[in-house]
Amino acid sequence: MVTKKGKLIQIGAAAKQAGISRQSLQYYLMVGLLEPTEVGPGGRRLFDDAAVERVKLIRKLNESGYPLRAIRDLFLEGRGDLKGR
């Protein structure tokens, strides 16, 4: 799917591009680290390149020792937009 935001991909492809499991990406969504760029027909969550880059950043921060709660708090302090922009 292509929109004004560019090419949108489904959750499985976004997780693969970011180097994490689909379940991890679903968890990031559940705990508020990220929101889908768009929700498509039938409730499918779609992600653009900026969202995938955000997931990569979350993964790198987490691997370097930051707990997910601290990462979420950092993002919330910096800006209210969780869609990768």
Side-chain angles (χ1 to χ4, degrees):
M1 173 182 253
V2 179
T3 68
K4 289 185 248 177
K5 297 173 181 132
K7 185 177 181 207
L8 297 176
I9 56 176
Q10 293 182 17
I11 193 168
K16 186 174 183 175
Q17 282 186 20
I20 64 171
S21 69
R22 179 186 174 112
Q23 291 82 6
S24 291
L25 183 49
Q26 289 171 330
Y27 182 74
Y28 290 179
L29 292 165
M30 185 180 75
V31 299
L33 283 164
L34 184 74
E35 289 181 2
T37 304
E38 195 171 293
V39 178
R44 291 194 183 271
R45 295 167 289 188
L46 303 170
F47 302 87
D48 62 6
D49 289 339
V52 172
E53 290 303 314
R54 183 182 179 96
V55 173
K56 289 178 183 178
L57 176 60
I58 292 167
R59 186 192 76 218
K60 287 178 185 175
L61 288 169
N62 189 241
E63 288 173 351
S64 67
Y66 282 90
L68 293 176
R69 177 177 282 184
I71 296 168
R72 186 190 68 209
D73 291 345
L74 283 171
F75 287 160
L76 291 174
E77 283 177 17
R79 58 183 171 209
D81 183 6
L82 299 178
K83 292 186 179 181
R85 284 173 262 135

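Worth saying up front: this structure is predicted, and the values here are computed from it rather than measured.
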Test side-chain contact (heavy atoms from CB on, under 4.5 Å) on Gln10 and Leu46; report intermediate values, then the result.
CA-CA 5 Å; Gln10 293 182 17; Leu46 303 170; 3.8 Å; yes
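- Listed here is the closest heavy atom pair of Ala18 and Val55: CB-CG1, 3.4 Å.
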Stepwise, does the side-chain contact (heavy atoms from CB on, under 4.5 Å) test hold for Lys7 with Asp49?
CA-CA 8 Å; Lys7 185 177 181 207; Asp49 289 339; 5.9 Å; no
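- Taking the salt bridge (charged side-chain N to carboxylate O under 4.0 Å, His left out) definition, one finds that Lys56 meets it with Glu53, sequence neighbours left out.
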Checking Phe75 against Ile58 for the side-chain contact (heavy atoms from CB on, under 4.5 Å) test, could you report, in this order, the C-alpha distance in whole Å, the side-chain angles of both residues, the deciding distance, and whether it holds?
CA-CA 10 Å; Phe75 287 160; Ile58 292 167; 3.4 Å; yes
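- Of all heavy-atom pairs spanning Pro36 and Phe47, the tightest one is CA-CE2, 3.5 Å.
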Would you mind writing out the side-chain donor-acceptor pairs for residues 23-32 within the sub-3.5 Å range, not counting sequence neighbours?
unit_1, atom_1, unit_2, atom_2, d
Ser24, OG, Ser21, OG, 3.0

Taking distance alone, no hydrogens or angles, what donor-acceptor pairs closer than 3.5 Å link side-chain atoms of residues 60-71 to residues at least two apart or in another chain?
unit_1, atom_1, unit_2, atom_2, d
Asn62, ND2, Tyr66, O, 3.0
Ser64, OG, Lys60, O, 3.3
Ser64, OG, Leu61, O, 2.8

